[in-house]
Amino acid sequence: MRILFSSTPQHGHLLPELPLARAFRDRGDEVAVITSASFGPLFAAEGITLFPVGPEIPELLAEAARLAGVDDPTVPDPAVAAELFAGARIDLTADAAIAAARDFAPDLIVAEATDYVGPLVAAALEVPYAKLAFGPLIPAQFTDVFDTVAERRYQQRGLTVPQPDWYLDPCPEALQGPDWQAPHGRLPLRPEPHRGLNTPQPPAAVPTGNGTRPKVLLSFGTHFAEPGLLRPVIDALSTRADLVVTLGLTATAADYGDGLDHVEFVGFTPLAELLSGIDLVVTHGGAGTTLAALSRGLPMVVVPQGADQFLQAGAVAASRTGVAVMPPAGTDAIANATAEVLDSEEYRTNAQRISKEIAAMPSPREVADTLAGLVG
């Protein structure tokens with residue numbers, strides 16, 4: 001088979017597709033990806049073809065802000081988000097994506113949940129497509145706004161936004177909302193923490209225990225790790241725990257100021273390599289980080305900053321696998337939540353229960369085999 005993946009050019013959107021892409025590759029299928037050129041080294045190392053179409057995120061954000069009529073594209077705004085995913089990205093990527101896909105001639109397209117280029121290619125080429133979700137089902141009041149913006153772009157090309165043939169769902173049912181109903185074509189897909197090339201999946205995380213200080217991973221992902229935001233949190237938490245702090249894509253340890261020799265700073269590192277020996281994850285609540293932590297049975301403190309992070313925060317709080325600290329709560333609230341989770345075995349017990357549910361979900365290879373059979 002020939003499988004074409006499509007993603008917004010951001011790590012949090014693209015990396016959840018990688019385990020399934022690897023599974024198809026390892027089956028012997030021909031696999032290619034549509035996203036921006038900056039991910040070339042990642043896919044070259046994986047032996048997966050990249051079609052480098054469309055601009056990088058800064059240009060897409062600037063165009064989305066222009067289309068939405070706002071000055072600052074970094075301020076959370078549904079209109080900017082809709083124009084980013086369903087407006088600007090289609091405008092600046094679709095034609096090149098369709099041309100590349102025609103040459104590749106895919107049998108199946110897999111698109112991440114906020115990608116509208118992959119479905120457009122599927123509609124233009126009349127091939128089936130599967131939507132790969134991040135975490136809990138995004139409520140319709142948000143996705144309807146995206147769909148409305150996308151529909152105009154599709155209509156300009158004589159197309160209609162297609163419904164996915166399959167919904168690949170990495171979110172265990174215990175984390176879904178109380179009114180959740182399984183989407184049409186749902187196929188559960190076991191989420192995996194991002195791991196490096198040829199690195200085997202590590203065993204479940206084991207807490208440090210034994211009377212030592214707990215070890216806390218402080219990770220606000222690739223785009224929300226702002227030193228000015230995190231330095232007060234580091235100071236508050238380091239009195240209680242040993243800290244591992246992720247730097248995001250551009251920051252350095254020096255950006256966080258002086259007097260932090262006791263803190264372990266790490267650059268971009270696959271989560272599968274960071275979670276071993278961790279007792280607690282303090283995070284912005286990106287879907288990938290949330291599911292990775294729970295797959296290892298680790299409780300969390302979630303401090304959402306934007307996007308779908310509030311969905312993950314709500315799911316963690318409702319499942320009692322951690323505590324959500326909602327803005328505008330400050331550093332003291334984060335420190336208190338951290339103490340609460342570390343001091344209560346309930347959160348770890350619940351997180352370990354979720355990890356067993358995740359482990360029972362079909363693996364990426366099993367889902368790849370299922371999709372191959374369904375596509376024929």
**Complete:** For L108 and A130, the nearest pair of non-hydrogen atoms, with its separation, is CD1-N, 4.2 Å
**Prompt:** Are any non-hydrogen side-chain atoms of R89 and P9 less than 4.5 angstrom apart?
**Reply:** yes
**Message:** Show, in sequence, the C-alpha distance, side-chain angles and deciding distance for R348 and D279, and conclude whether the side chain to side chain contact (heavy atoms under 4.5 Å, CB included) test is met.
**Reply:** CA-CA 9 Å; R348 177 171 295 278; D279 296 276; 3.8 Å; yes
**Request:** Would you name the heavy atoms of E56 and S38 that are closest together and state the gap between them?
**Result:** OE1-OG, 2.8 Å
**Option passing ring pair (Phe, Tyr, Trp, His ring centres under 6.0 Å) with H13 (candidates F5, F85, Y116)** = F85
**Prompt:** Charged N to carboxylate O below 4.0 Å: is that the case for R365 and D369?
**Reply:** yes
**Request:** Check V282, L260, I234 against L243 for a side-chain contact (heavy atoms from CB on, under 4.5 Å) and give me the one that passes.
**Result:** I234
**Message:** Less than 3.5 Å apart, any donor N or O on the side chain of D115 or S6 sitting next to an acceptor on the other?
**Reply:** yes
**Prompt:** For D144, does the CG atom sit with more than 12 other heavy atoms under 6.0 Å from it, leaving out its own atoms?
**Reply:** yes
**Prompt:** Does the side chain of V375 come within less than 4.5 Å of M1's, by heavy atoms?
**Reply:** yes
**Item:** Salt-bridge present (R195, E273; N to O < 4.0 Å)
**Value:** no
**Message:** Counting C-beta onward and ignoring hydrogens, is there a side-chain heavy-atom pair between L237 and V233 closer than 4.5 Å?
**Reply:** yes
**Item:** Check ion pair E126-R102 (N to O, under 4.0 angstrom)
**Value:** no
**Item:** Steps toward side chain to side chain contact (heavy atoms under 4.5 Å, CB included) verdict (V149, E83)
**Value:** CA-CA 7 Å; V149 173; E83 291 295 353; 3.9 Å; yes
**Prompt:** Heavy-atom distance under 4.5 Å between the side chains of I109 and V121, does that happen here?
**Reply:** yes
**Request:** Start with the C-alpha distance between L92 and L60, add both sets of side-chain angles, then the distance that settles side chain to side chain contact (heavy atoms under 4.5 Å, CB included), and finish with yes or no.
**Result:** CA-CA 8 Å; L92 302 179; L60 288 172; 4.2 Å; yes
**Prompt:** Taking 4.0 angstrom as the limit, do D169 and K131 come out as a salt bridge?
**Reply:** no
**Asked** Is there side-chain contact between V245 and E264, with heavy atoms separated by less than 4.5 Å?
**Response** no
**Item:** L4 CG to Y129 OH distance, which is reported to the nearest 0.5 Å
**Value:** 13.0 Å
**Message:** If I compare all heavy atoms of A88 with all of E63, which pair ends up nearest, and what's the gap?
**Reply:** CB-CG, 3.6 Å
**Message:** Show the nearest heavy-atom pair for residues P162 and P119, with the distance to one decimal.
**Reply:** CG-O, 3.5 Å
**Asked** Is the closest side-chain heavy-atom distance between L189 and L132 below 4.5 Å?
**Response** yes
**Message:** Are the side chains of L159 and R153 in contact, using a 4.5 Å heavy-atom criterion?
**Reply:** no
**Prompt:** So how far is it from I90 CD1 to Q156 CD, rounded to the nearest 0.5 Å?
**Reply:** 9.0 Å
**Prompt:** Side chains of T114 and E112: is there a donor and an acceptor less than 3.5 Å apart?
**Reply:** yes
**Message:** Please say yes or no: joined through hydrophobic side-chain contacts below 4.5 Å, possibly via intermediate residues, are F310 and L291 part of one cluster?
**Reply:** no
**Message:** As an exercise, state the distance from CG of L168 to CZ of R186, rounded to the nearest 0.5 Å.
**Reply:** 10.5 Å
**Message:** Let me confirm one number: the OG1-CG distance from T35 to L14, rounded to the nearest 0.5 Å.
**Reply:** 5.5 Å
**Complete:** For F104 and R2, the nearest pair of non-hydrogen atoms, with its separation, is O-NE, 2.6 Å
**Complete:** Taken to the nearest 0.5 Å, the spacing of Q352 CD from L298 CG works out to 8.5 Å
**Asked** Do P193 and R296 have side-chain heavy atoms sitting under 4.5 Å apart?
**Response** yes
**Prompt:** Which pairs with one or both residues in residues 156-196 pass ring pair (Phe, Tyr, Trp, His ring centres under 6.0 Å), sequence neighbours excluded?
**Reply:** none
**Asked** For E173 and E357, which heavy atoms make the closest approach, and how far apart are they?
**Response** N-OE2, 2.8 Å
**R25 CZ to D29 CG distance, which is reported to the nearest 0.5 Å** = 11.5 Å
